[in-house]
Number of protein chains: 2
Amino acid sequence: MEDIVRETGVSRYGIYGTFGNKRELFEQALEEYAEGMGKRSFLRLLEPDASLDHIRTIFAERVADMSCCDESKGCLFIHTAMELAPQDEELRGVLQKFMKRMGKAFAVGLESAKARGEVRPDLEVKAAGELLTSTMFGLVVLGRTGFSRDVLDGIVESTLASFR
Amino acid sequence: MEDIVRETGVSRYGIYGTFGNKRELFEQALEEYAEGMGKRSFLRLLEPDASLDHIRTIFAERVADMSCCDESKGCLFIHTAMELAPQDEELRGVLQKFMKRMGKAFAVGLESAKARGEVRPDLEVKAAGELLTSTMFGLVVLGRTGFSRDVLDGIVESTLASFR
DNA sequence: TTTAATTCAGAATGTTCATTCTGTTTTAGT
DNA sequence: ACTAAAACAGAATGAACATTCTGAATTAAA
């Protein structure tokens, strides 16, 4: 809270008055974050011209994040899932909502890719979308333990290759 | 530390005398844990008769862990990777050592499965082993956020199916 | 058995941090 | 401009917790 007061310039009074407590503030921040990252990364998968390359790019951005500075390794989703979700039903609900949306977006993107002949016709896009969601988080864990960019890229490519 | 003193029955004096501090105690616990889980789960992949089913079983055990009680969701590896690895080079080294070993074990198991004709002959087992390592952690993240056993099993099956 | 070294349980210390409180300043309505 | 409400900065409170300290109990050596 100290940090938030300093960085935002909003007083403790204001924060507690508006959000009640740290927990509530966090929940709203999480929703905001998810909404933003959905718009920034996943919306493009819903365009009719979405291709496998769109998916590749989403992963590439994440891998790039992991591999650079010490900061910003991982995302709020995975930290929340690991540290809070099992004991907090409400947060779990927020995470599930957005992760399901993520899987869905992947599935829609894959369907478009299928129409373009980039993936095999019998691919089950729903299952594949869930797999990609899981892969995203697996990558973050490996990235945090310092695995090289090459390894992370390799995992993404193997996964995408399996759709062909 | 309070909890450890209570649960082990060892006095603070003894713990600090033997391990120095919480950090050192933790590092040794992590190695112990990794060693044990390696022996319990991954050693069988090195047997010459290892099959795809051995891999499936390892994942099934993990999925079962995730889906039952509130306790024990996740493992020490992933928690350490998420919470400590980026700021602690030594722990990162420990994690990397064991995660690489894990990938290697998967690769060896896949090679045996290939000999049995269970996976396609041109599968790159090294890359596939790394992918399975990543998948393992991805599953834990989804499990923690409450995804159903069916979804988790589906991800495992899609992944294994992609090797055929 | 006596002495010296270990080990014990639990109290004391010091730090971090969320939350509340207080007295002052700013804003909005008249 | 004057009053009442809102918002401020920062101090006070209280809890959690790692680590160190203390005096008592236990063990091992003579």
Side-chain angles (χ1 to χ4, degrees), chain A residues 1-37 69-95 98 140-141 144-146, chain B residues 1-37 69-95 98 140-141 144-146:
Chain A
M1 296 302 281
E2 198 68 41
D3 294 347
I4 293 171
V5 167
R6 178 165 24 77
E7 296 296 321
T8 60
V10 177
S11 75
R12 258 165 269 264
Y13 179 96
I15 292 173
Y16 279 92
T18 308
F19 296 101
N21 58 34
K22 195 169 72 150
R23 166 65 180 66
E24 293 301 323
L25 168 58
F26 181 78
E27 186 175 333
Q28 291 210 33
L30 181 67
E31 297 231 28
E32 197 87 13
Y33 174 89
E35 215 69 72
M37 127 165 292
C69 36
D70 295 332
E71 300 298 320
S72 95
K73 292 205 172 178
C75 70
L76 205 51
F77 271 23
I78 189 169
H79 281 103
T80 308
M82 288 307 300
E83 295 175 34
L84 303 171
Q87 314 101 51
D88 191 318
E89 195 179 341
E90 216 170 343
L91 289 181
R92 210 160 58 232
V94 174
L95 288 178
F98 285 104
V140 173
V141 176
R144 287 213 130 212
T145 99
Chain B
M1 296 301 282
E2 197 69 40
D3 294 348
I4 293 170
V5 167
R6 177 164 26 76
E7 296 296 322
T8 62
V10 178
S11 74
R12 258 165 269 263
Y13 179 99
I15 291 174
Y16 280 93
T18 308
F19 296 101
N21 57 36
K22 194 168 73 149
R23 167 65 181 64
E24 293 301 323
L25 168 59
F26 180 78
E27 186 175 332
Q28 290 210 33
L30 181 66
E31 296 232 26
E32 198 88 11
Y33 174 89
E35 214 71 71
M37 128 164 291
C69 35
D70 294 333
E71 299 297 319
S72 98
K73 292 206 170 177
C75 70
L76 205 51
F77 271 24
I78 190 169
H79 281 103
T80 309
M82 289 306 301
E83 295 174 32
L84 303 171
Q87 315 101 51
D88 192 318
E89 195 179 341
E90 217 171 343
L91 289 181
R92 209 159 57 231
V94 174
L95 287 179
F98 285 105
V140 173
V141 176
R144 288 215 129 212
T145 99

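All values derive from a computational prediction rather than experimental measurement.
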Asker: Taking atom C1' of D:dA18 as reference, at what distance in whole Å does atom CE of B:M1 sit?
Answerer: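 Spelled out: CE on B:M1 to C1' on D:dA18 is 7 Å.
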Asker: Rounding to an integer number of Å, can you tell me how far B:R6 CZ sits from C:dC8 C1'?
Answerer: 18 Å
Asker: Taking the side chain as every heavy atom from C-beta outward, state whether B:L84 and B:L95 have any atom pair closer than 4.5 Å.
Answerer: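 They are not in side-chain contact.
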Asker: Quick check for you: to the nearest 0.5 Å, what is the distance between B:L91 atom CG and B:F26 atom CZ?
Answerer: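 So the gap between those two atoms works out to 6.0 Å.
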Asker: Please state how far atom CG in A:D3 lies from atom P in C:dT16, giving the value in whole angstrom units.
Answerer: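 Rounded to the whole Å, the gap is 13 Å.
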Asker: With nearest nucleotide decided by heavy atoms, which residue, B:K22 or A:G9, maps closer to the 5′ end of DNA chain D?
Answerer: A:G9
Asker: Given atom CZ of A:F26 and atom P of C:dA18, what is their separation to the nearest angstrom?
Answerer: 13 Å
Asker: Do A:R12 and A:M1 come within less than 4.5 Å of each other through their side chains, counting heavy atoms only?
Answerer: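 They are not in contact (no side-chain heavy atoms under 4.5 Å apart), so the answer is no.
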Asker: Figure out the CZ/P separation between B:R12 and C:dT7, and round it to whole Å.
Answerer: 17 Å
Asker: Find the distance B:N21:CG to C:dG14:P and express it as a whole number of Å.
Answerer: 20 Å
Asker: Measure CD1/A:I4 against P/C:dA18 and give the value in whole Å, please.
Answerer: 8 Å
Asker: Do B:E27 and B:R23 sit within salt-bridge range, that is, some charged N less than 4.0 Å from a carboxylate O?
Answerer: yes
Asker: Taking atom P of C:dC17 as reference, at what distance in whole Å does atom OH of A:Y16 sit?
Answerer: 13 Å
Asker: Tell me whether the OP1 or OP2 atom of C:dC8 has a side-chain N or O from B:Y13 closer than 4.0 Å.
Answerer: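 No, no such contact exists.
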